[in-house]
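Data first, discussion second: the structure below is written as structure tokens.
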Amino acid sequence: MRVKTRFAPSPTGYLHIGGVRTALFSWLYARHHGGSFVLRIEDTDRERSTEASIQAILTGMAWVGLDYDEGPFRQTERFERYTTVAAEMLARGTAYRCYCSRDELEAMRAEQVARGENPRYDGRCRDRQAPVAGVNPVIRLRSPREGSVTVHDLVRGDVSFSNADLDDVILMRSDGVPTFHFGVVVDDADMGITHVIRGDDHLNNTPRHIHIQQALGVPVPVYAHLPMILGADGTRLSKRHGAVNVLEYRERGYLPDALLNYLVRLGWSHGDQEVFSREEMIELFDIAAVNAAASRFNPDKLGWLNQQYILARDRSQLAAEFGAFMDLRGLEHDQGPPLEQVVDAYRERAVTLEDMAQASTYVFHDFAAIDAKAARQHLKAGTVPVLSQVIERLEALPGWQREVIHDVLQAVAAALGIGFGKVGQPVRVAITGGTVSPPIDVTLQLIGRERVLHRLRQALQLAQAQPPVS
RNA sequence: GCUCCCUUCGUCUAGCGGUUAGGACGCGGCCCUCUCAAGGCUGAAACGCGGGUUCGAUUCCCGCAGGGAGCGCCA
């Protein structure tokens, strides 16, 4: 049997990080087994579904590189099919029309809760023969009232539910739109889905879905319910935990490979291995090794992984990604050095591409002002000789390579009888406006001769204006 | 309230009856060093509680506690 999995998000918002993890595991399972992966948009909630959400989902999937073999399908394009299936069920008696009003149902549930029971539909319309005038009925499943259903879950083992605790789910709403329960089951069957891999918030829905499958006479797919991803504080992931929308990770300069690598280790492991290429993930992924417990999202570890990927990336590829990132963020980089050089200088000190862009602004643009504290500490009257000598020797330099620049700074330190740091720091502050940068010779080389000399002269003036130290 | 699920360092996890309970992130220390990093070495840090089963339980079973999910004409 050829494996076929699917990811079936509802377009009621952006694609969030938990959804990506679910999609990733389904995708991995399909790829590992040489099967196919389907994307299906479950847009039967016409109130909340939006076109913008569908686009956000497609963009998100494309960004992380989870490709699908079929789809995207949309349930709103399949309404005829659900209507047909529901009619067949009605004809066979596996479903029935229910005329209960919402108020009536609500009152019923309130009574049940008051009695300490699990609120559920009591089946009062099961045997009704005559329609109620003026009421558009819903269609409910006639589900078994005795016995039990067992979900054979790949990550949790067998989970049984008593049929007495389940009720007759609504298949079709009174306006003729299928419910989620009906839509998934019909679609999974029609599309030949063999393995349903989804969040464990659906575990409680599964026995109902099995009832529908049995009523339909279609095969029950293999189920695997994945543990949830919680926020760092152990509560349900939400905006206050930071970014939950995948596309925010793109905007913050995370690499999709790093994000996927982080996500795959949430609930899954392969011994002590932490870093997995896509190929390794596909090769090693095993649903049986998936943990059953929920896990918390740890931004620090994601950051560490992101830097690992930045560090290991091929320089021209990283440069291209960095350029794309700057373009996305509207950061101009035409006036700076080649991005390959920038990326090499900054990858060791950047967790994200955003960090890299932020840390390297002065190689692309002049800064507004030198950081006051840095100037106070490093551009004093005493540094005048240092700066003048550096300027003088750099002006005389025929070339502009890191090695010769380094020799100049070394020579200044020697001539003045001071340590290299006493030369490096003032120069760093003068040309970057701050105290942090890549090695000073690399930084000078990157910024370029003209800009460096200009900034050094300005810093010299500033230092000369300082009162002499006692 | 009812049903279902879960429980190893702060976090992600390894472990699948006998281990000095391993790795990773983060945190501390040391080294390297022109700043910041990166890197190397190193330290602190965990089996929720109570019963069983067993010669022996982190591991198997049962309770409890804690956490989570679901109980819609949402998905």
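In what follows, chains are A, B, ... by sequence order, proteins preceding strands, each numbered from 1.
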| said: Let's test this: given Watson-Crick or G-U wobble pairing with both distances under 3.5 Å, identify the partner of B:G66. | reply: B:C6

| said: Measuring from atom OG1 of A:T179 to atom CG of A:L141, what distance do you get when rounded to the nearest 0.5 angstrom? | reply: 10.0 Å

| field | Stepwise ring-ring contact (aromatic ring centres under 6.0 Å, His included) check, A:H202 with A:F180 | value | CA-CA 11 Å; A:H202 285 298; A:F180 154 75; 5.3 Å; yes

| request: Mind checking A:G421 for me? I need base, sugar-phosphate or nothing, with any heavy atom below 4.0 Å counting as a touch. | output: sugar-phosphate

| field | Mutual orientation of the aromatic rings belonging to A:H270 and A:F276 [parallel < 30°, tilted 30-60°, perpendicular > 60°] | value | perpendicular

List, with names and distances, any nitrogen or oxygen atoms from the protein found under 3.5 Å away from nitrogen or oxygen atoms belonging to nucleotides 63-67 of chain B.
none

| message | Applying salt bridge (Lys or Arg N to Asp or Glu O under 4.0 Å), can you list everything that pairs with A:D441, at least two apart in sequence or on another chain? | response | A:R402

| Counting just side-chain N and O atoms, does A:T235 come under 4.0 Å of either OP1 or OP2 of B:G68? | no

| request: Sequence neighbours left out, what pairs pass side-chain hydrogen bond (donor to acceptor under 3.5 Å, both in side chains) with at least one residue falling in residues 405-423 of chain A? | output: none

| note | Of the listed B:C12, B:C73, B:C34, the closest approach to the A:S295 side chain comes from B:C12

| Selection residues 98-113 of chain A - residue pairs positive for side-chain hydrogen bond (donor to acceptor under 3.5 Å, both in side chains), sequence neighbours left out | A:E104-A:R124

| request: Ignoring hydrogens and angles, answer whether the base of B:A75 and the side-chain atoms of A:N205 contain a donor-acceptor pair closer than 3.5 Å. | output: yes

| query | Do A:R78 and A:D190 sit within salt-bridge range, that is, some charged N less than 4.0 Å from a carboxylate O? | reply | yes

| request: Residues of residues 41-55 of chain A with any non-hydrogen atom less than 4.0 angstrom from an atom of RNA chain B: list those, numerically ordered, please. | output: A:E42, A:T44, A:D45, A:R48

| Do we see a donor-acceptor contact under 3.5 Å between the side chains of A:S10 and A:R48? | no

| query | Hey, what's the ring geometry for A:F297 with A:Y262, parallel, tilted or perpendicular (30° and 60° as the breaks)? | reply | perpendicular

| task | For the side chain of A:E348, starting at C-beta, report the closest nucleotide among B:C36, B:A37, B:A69. | result | B:A37

| said: B:G72, OP1 or OP2 - any side-chain N/O from A:R109 closer than 4.0 Å? | reply: yes

| Any salt bridge between A:R278 and A:D257, counting N to O under 4.0 Å? | yes

| Are the charged groups of A:R74 and A:E51 less than 4.0 angstrom apart, N to O? | yes

| said: At a heavy-atom distance below 4.0 Å, what parts of residues 409-418 of chain A sit against RNA chain B? | reply: none

| request: Assess the side chains of A:T443 and A:S437: does a donor N or O sit below 3.5 Å from an acceptor N or O? | output: yes

| Is any side-chain N of the basic residue among A:R140 and A:D167 closer than 4.0 Å to the acidic one's carboxylate O? | no

Atom pairs, protein N/O to nucleotides 24-26 of chain B N/O, distance under 3.5 Å:
{"unit_1": "B:A24", "atom_1": "O4'", "unit_2": "A:E274", "atom_2": "OE2", "d": "3.3"}
{"unit_1": "B:C25", "atom_1": "OP1", "unit_2": "A:W304", "atom_2": "NE1", "d": "3.3"}
{"unit_1": "B:C25", "atom_1": "O2'", "unit_2": "A:K301", "atom_2": "N", "d": "3.2"}

| note | To the nearest angstrom, the CZ-C1' distance between A:F180 and B:G70 comes to 12 Å

| said: Among B:G70, B:C73, B:U35, which nucleotide has an atom closest to any side-chain atom of A:S174? | reply: B:C73

| request: Answer yes if the side chains of A:S160 and A:T150 hold a donor-acceptor pair under 3.5 Å, and no otherwise. | output: yes

| Does the B:C5 base have a donor-acceptor partner in the side chain of A:R156 within less than 3.5 Å? | no

| request: Among A:D153, A:D200, A:N205, find the one that has a side-chain hydrogen bond (donor to acceptor under 3.5 Å, both in side chains) with A:H225. | output: A:D153

| said: For RNA chain B, which residues of residues 97-106 of chain A approach it to below 4.0 angstrom with any heavy atom? | reply: A:C100, A:R102, A:L105

Could I get a table of every N or O pair under 3.5 Å where one atom is in the protein and the other is in nucleotides 7-9 of chain B?
none

| query | Considering only B:C4, B:U13, B:A37, which nucleotide approaches the side chain of A:R265 most closely? | reply | B:U13

| said: Short of 4.0 Å, heavy atom to strand atom, which residues of residues 5-18 of chain A count as contacting RNA chain B? | reply: A:S10

| task | Determine the minimum heavy-atom distance between A:W27 and A:L66, stating which atoms define it. | result | CD2-CD2, 3.5 Å

| query | Is the NZ or CZ atom of A:R313 positioned over A:Y309's six-membered ring, under 6.0 angstrom from the centre and within 45° of the axis? | reply | no

| Does the side chain of A:S269 get closer than 4.0 angstrom to OP1 or OP2 of B:A14 through an N or O atom? | yes

| Got a sec, which residues hit ring-ring contact (aromatic ring centres under 6.0 Å, His included) with A:F7, two or more places apart in sequence or on another chain? | none

| salt bridge (charged side-chain N to carboxylate O under 4.0 Å, His left out) partner of A:D168, chosen from A:R126, A:R97, A:R142 | A:R126

| Do A:T352 and A:N306 meet the criterion of a side-chain donor-acceptor pair at a distance under 3.5 Å? | no

For nucleotides 1-3 of chain B, print each protein N/O atom paired with a nucleotide N/O atom at under 3.5 Å, atom names and distance only.
{"unit_1": "B:G1", "atom_1": "O2'", "unit_2": "A:G116", "atom_2": "O", "d": "3.2"}
{"unit_1": "B:C2", "atom_1": "O2", "unit_2": "A:N118", "atom_2": "OD1", "d": "3.3"}

| task | Give a yes-or-no answer on whether the side chains of A:Y82 and A:D187 include a donor-acceptor pair shorter than 3.5 Å. | result | yes

| Do A:R296 and B:C12 have a side chain to base donor-acceptor pair shorter than 3.5 Å? | no

